[in-house]
Amino acid sequence: MPTPRPEYPQPHFDRSHAWLSLNGTWDFRADAAARHTAAGPDGYDQQITVPFAWETPASGIAAHWLQTAWYRRAFTVPPAWQGQRVVLHFGAVHHEATVWVNGTQVAHHEGGYTPFEADVTDALSDGEQRIVVRVHAPADKLDLVHGKQRSMPRDDYDGVCFTPSSGIWQSVWLTARPRPPISPHCGCARQRTWTASPSTPPCGARAPTARG
């Protein structure tokens with residue numbers, strides 16, 4: 001099957017000379033009872049096409065009101081990337097995603113419309129790598145940013161809402177980056193799992209001072 005959405009996902013931050021798409025076929029297991037763990041190999045009895053929400057037939061799943069599911073796939077780091085940092089990117093996952101590489105948790109992200117990334121270099125091993133993603137997409141979206149997705153229980157706006165879009169619904173990819181000249185004590189060299197606020201300056205920047 002041709003890779004869906006094969007184009008480089010971030011043309012405004014172009015690193016298309018050193019990237020690898022992870023779109024395509026992933027192992028998939030529904031977890032309605034929330035009983036599975038990242039280490040458990042059982043239950044992956046379906047395959048899903050990333051990046052399509054698990055509600056749509058394009059994903060190969062077409063499951064509705066499923067709240068928790070797991071994704072799994074293998075990948076190999078290109079030999080030309082040796083000595084560089086390897087960063088794993090997600091364009092968007094609705095709603096809460098936890099990511100493991102070779103059994104090591106590398107990222108946790110909440111928010112179904114924002115991208116996130118993690119430097120996974122230290123979790124890599126020789127040869128084939130294994131990535132596992134747990135996604136939780138609550139049916140009750142009252143307290144979540146969810147656009148016009150339908151929510152259960154139904155609210156006053158249900159008549160003008162649409163089918164939810166759950167799971168990995170934007171591209172997944174890897175990039176290679178030179179090892180950064182940043183102090184190992186700086187959090188910017190590690191996974192980005194925080195939520196920035198207007199009052200939080202970027203690493204290395206000085207917070208604005210008030211003027212009288």
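Since this is a predicted model, take the numbers as computed values, not measurements.
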Considering the options Arg177, Arg179, Arg85, which one meets the salt bridge (charged side-chain N to carboxylate O under 4.0 Å, His left out) requirement together with Asp119?
Arg85

Within the 3.5 Å criterion, strictly below it, is a donor on Thr3 or Asn23 matched to an acceptor on the partner's side chain?
no

Any sub-3.5 Å donor-acceptor pair from Gln129's side-chain atoms to Gly127's backbone N or O?
yes

Atom CD of residue position Gln82 - does it have more than 12 heavy atoms of other residues, nucleotides or ligands inside 6.0 Å?
no

Does the side chain of Arg130 reach to within under 4.5 Å of the side chain of Arg72, using non-hydrogen atoms?
yes

Given 3.5 Å as the limit, does a donor-acceptor pair link the side chain of Asp31 with the main chain of His36, or not?
yes

Working for side chain to side chain contact (heavy atoms under 4.5 Å, CB included), residues Trp54 and Leu66:
CA-CA 9 Å; Trp54 62 57; Leu66 173 64; 3.7 Å; yes

Please identify each residue that fulfils side-chain contact (heavy atoms from CB on, under 4.5 Å) with Glu55, with sequence neighbours left out.
Ala53, His64, Thr163, Pro164, Ser166

Residues Thr98 and His109: side-chain donor-acceptor under 3.5 angstrom
no

Distance, nearest 0.5 Å, that separates CZ of Arg5 from OG of Ser21:
11.0 Å

Locate the shortest heavy-atom distance separating Val135 from Gly167; write the atom from each residue and the value.
CG1-CA, 3.8 Å

Taking all heavy atoms of Trp26 and all of Val50, pick out the closest pair and write down the distance.
CD1-CG2, 3.3 Å

With the side chain counted from C-beta on, respond yes when Leu124 and Val101 share a heavy-atom pair under 4.5 Å apart, and no when they do not.
yes

Side chain of Thr121, backbone of Val86: donor and acceptor closer than 3.5 Å?
yes

Under the 3.5 angstrom rule, does the side chain of Arg73 hit a backbone N or O of Leu22 as a donor-acceptor pair?
yes

Separation of Ser59 OG from Gln46 CD (nearest 0.5 Å)
9.0 Å

To the nearest 0.5 Å, what is the distance between CD on Glu128 and CZ on Phe75?
9.5 Å

Mark yes or no for whether Tyr8, through its side chain, and Arg15, through its backbone, hold a donor-acceptor pair below 3.5 Å.
yes

Leu88 side, atom CG; Leu20 side, atom CG - distance, nearest 0.5 Å
10.5 Å

Under a 3.5 Å threshold, yes or no: a donor from one side chain and an acceptor from the other, between Ser165 and His94?
no

Atom pair CD (Glu117) and CH2 (Trp173), whose distance is rounded to the nearest 0.5 Å:
8.5 Å

Quick one: closest heavy-atom pair of Ala30 and Phe28, and the distance?
N-CE2, 4.1 Å

For Phe52 together with Trp169, are the ring centres under 6.0 Å from each other?
no

Got a donor-acceptor contact below 3.5 angstrom from the Asn102 side chain to the Ala123 backbone?
yes

Could you walk me through whether Asp42 and Arg29 pass the side chain to side chain contact (heavy atoms under 4.5 Å, CB included) test, one step at a time?
CA-CA 9 Å; Asp42 60 309; Arg29 67 180 176 192; 4.2 Å; yes

I'd like to know if the side chain of His89 reaches the main chain of Phe116, judged simply by a donor and an acceptor atom lying under 3.5 Å from each other, with no hydrogens or angles considered.
no

I need the minimum non-hydrogen distance between Ile61 and Gln47, along with the two atoms involved.
CD1-O, 3.5 Å

If you look at every heavy atom in Ala118 and Ala107, which pair is closest and at what distance?
CB-CB, 3.9 Å

So Val172 and Tyr71, side chain to side chain contact (heavy atoms under 4.5 Å, CB included) or not? Walk me through it.
CA-CA 12 Å; Val172 185; Tyr71 295 72; over 6 Å; no

Stepwise side chain to side chain contact (heavy atoms under 4.5 Å, CB included) test for Val99 and Phe90
CA-CA 10 Å; Val99 184; Phe90 289 83; 3.9 Å; yes

Using modelled atom types and a 3.5 Å cut-off, is there a donor and acceptor pairing between side-chain atoms of Tyr113 and backbone atoms of Ala92?
no

Is there a donor-acceptor pair under 3.5 Å between the side chain of Gln67 and the backbone N or O of Ala139?
yes

Taking the side chain as everything from C-beta on, heavy atoms only, tell me whether Trp19 gets closer than 4.5 Å to Pro9.
yes

Got a second to check how far Asp27's CG is from Asp45's CG, nearest 0.5 Å?
10.0 Å

Between Trp70 and Trp100, does the ring centroid distance fall short of 6.0 Å?
yes

Looking only at heavy atoms, what is the nearest atom pair of Pro4 and Thr49, with distance?
CG-CG2, 3.8 Å

Between Val93 and Val87, is there shared hydrophobic-cluster membership here, with clusters defined by ILVMFWY side-chain heavy atoms closer than 4.5 Å?
no

Arg134 (side chain) donor-acceptor with Ala97 (main chain) under 3.5 angstrom:
no

